[in-house]
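Read the structure below first, then the notes.
Per chain, numbering begins at 1; letters A, B, ... match sequence-line order.
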2 protein chains.
Amino acid sequence: MSKMTKRERFLETSLKLINEKGFKATTMRDIAHSLNCEVANVYNYIDSKQSLLETYLFGISNEFHAAIDTIIDSNASSEEKIRLIIRIHIDLMVKKPYELALLVNEWRNLKEPKLSTFLAERIVYENKVKSVLKEGMEAKDFKPMDIEIATYTFLSTLRWLHDKYTDLPIKINPKEIEEQISEFVFSGISKK
Amino acid sequence: MSKMTKRERFLETSLKLINEKGFKATTMRDIAHSLNCEVANVYNYIDSKQSLLETYLFGISNEFHAAIDTIIDSNASSEEKIRLIIRIHIDLMVKKPYELALLVNEWRNLKEPKLSTFLAERIVYENKVKSVLKEGMEAKDFKPMDIEIATYTFLSTLRWLHDKYTDLPIKINPKEIEEQISEFVFSGISKK
DNA sequence: TATTTAGGTGAACAAACGTTCATGTAAATA
DNA sequence: TATTTACATGAACGTTTGTTCACCTAAATA
């Protein structure tokens, strides 16, 4: 399907552009220019600028949900579940760093009612993580913590990845990152 | 100084607006409207929309630098320095949550050469944190870690604060957050 | 009193924006 | 061969944008 290929090339190009300049600052003419065509042509591939953003954001959001659901439904231990959550974040960063960066930086540009849908999905995701931490606390695998603070702090440890991964030409070793972050999350920086 | 008061009221109002809608999405007419005046009047307080952003960003950036310099120049232990860095981040979140949110979300909208200046300052800040972690590793206070990953992971644990603090009407207890995050950073979530 | 200053107005500007339209071409399909 | 399809164009649209201008008013200052 030559259309599919072309459309995907278009999606990839505009994705990088939006990442560099931000969604609002990227104009349809910018996108056209980096594809060596005229503005009007862009509308052969996409309905509107807004739907472009929606495609990216809900696409990557769904991937996160699919991945975490598999983990939660498994019968792994709480610790193992947290390790797996770390892994899927790093996997997705390697496979789709630009989509991930968009997820963090550009969701504000969604309009209602899509914005509310997106935020609701995000809360659901956070709650899934929260449930794993809670489970682990109740099983005494994890220490007693404020569950809200622990959830946000934990998720934050994974939120800088895309930044370094989209910028650097030299890619950091994902396995190394996974080990280092897991170690950080489970036992911190202090020498015991 | 009635001008100072008025100008500060103007700065505060536009700061919140920009946080809600994003810098690009906030128009000068939006700002005027939320001040119950006309657009032209806004230019009595500020040179341009761009300089408005610069004022905020470099203002809060300077505060972070001033604070961390005091810590680094002290003769506290590495662990104590990290604890103090956590504290200043939380202090600033309490005092200036909106400026902090801007620092995280809107720096992309700076234009050259201010953008480069800002990014250079940020790298300097990260390097200051890095030096504390390195110092602690060499003194065997901290475990052996990849210094880059440790720095970014540590700083990330502090980067979600503003989000919750600007949104919620009920403020979380800063002292509690400080303790929880310190515990997370130094010894992780595992029950030892 | 005369004058500077702080605060405020409405209209207008040139530029940039997302989007549409009528039209064209070359290849794939029927 | 006839027709659909994918890809492409340039001009134009209505809006919105940041910013400027000439002008106004009331209070503080000289």
Cationic tip of A:K96 within the cone over A:Y56's six-membered ring, i.e. under 6.0 Å and within 45° of the normal? no
Atom-pair distance (CG on B:N36; C1' on C:dT9), nearest Å: 14 Å
Please determine whether a side-chain nitrogen of the Lys or Arg among B:E148 and B:K130 lies less than 4.0 Å from a carboxylate oxygen of the Asp or Glu. yes
Nearest-angstrom distance from the residue atom CZ of B:R7 to C1' of C:dT5: 17 Å
Which whole-number value in Å describes the distance from B:H33 NE2 to C:dT9 P? 12 Å
Could you please spell out the steps behind the salt bridge (Lys or Arg N to Asp or Glu O under 4.0 Å) verdict for A:K24 and A:E106? CA-CA 9 Å; A:K24 280 263 175 192; A:E106 304 294 346; over 6 Å; no
Looking at residues 22-31 of chain A, who's got a heavy atom less than 4.0 Å off DNA chain C? A:T26, A:T27, A:M28, A:R29
Between B:E12 and B:R9, is there a salt bridge with N-O shorter than 4.0 Å? no
When you check the gap from the basic side-chain N to the acidic O, do A:R29 and A:E38 get nearer than 4.0 Å? no
Of the nucleotides D:dT19, C:dT19, C:dG7, which has the atom closest to the B:V39 side chain? D:dT19
Between OH of A:Y43 and P of C:dG18 the distance, given in whole Å, is 6 Å
Sidechain N-carboxylate O distance under 4.0 Å for B:R108, A:E20: no
Whether B:K164 engages the ring of A:Y152 as a cation-pi pair (distance to the six-membered ring centre under 6.0 angstrom, angle to the ring normal within 45°) should be assessed. yes
Would you call B:K143 and A:E183 a salt bridge, taking side-chain N to carboxylate O under 4.0 Å as the test? yes
The side chain of A:N44 is closest to which nucleotide in this list: D:dG18, C:dT9, D:dC7? D:dC7
Provide, to the nearest angstrom, the distance between the CD1 atom belonging to A:I46 and the C1' atom belonging to C:dG18. 14 Å
To the side chain of A:N41, which of D:dC7, C:dG8, C:dT19 is closest? D:dC7
Calculate the interatomic distance between B:R9 atom CZ and C:dA6 atom P; express it in whole Å. 17 Å
Calculate the interatomic distance between B:E38 atom CD and C:dT9 atom C1'; express it in whole Å. 7 Å
Nearest-Å distance, CD (B:Q50) to C1' (D:dT17)? 13 Å
How would nucleotides 21-28 of chain C be written as a contact map, 5' to 3', with B for base contact, S for sugar-phosphate-only contact and - for no contact, using protein heavy atoms under 4.0 Å? B-------
Treat each ILVMFWY residue as a node, draw an edge where side-chain heavy atoms are under 4.5 Å apart, and state whether A:I123 and A:I149 are in one component. no
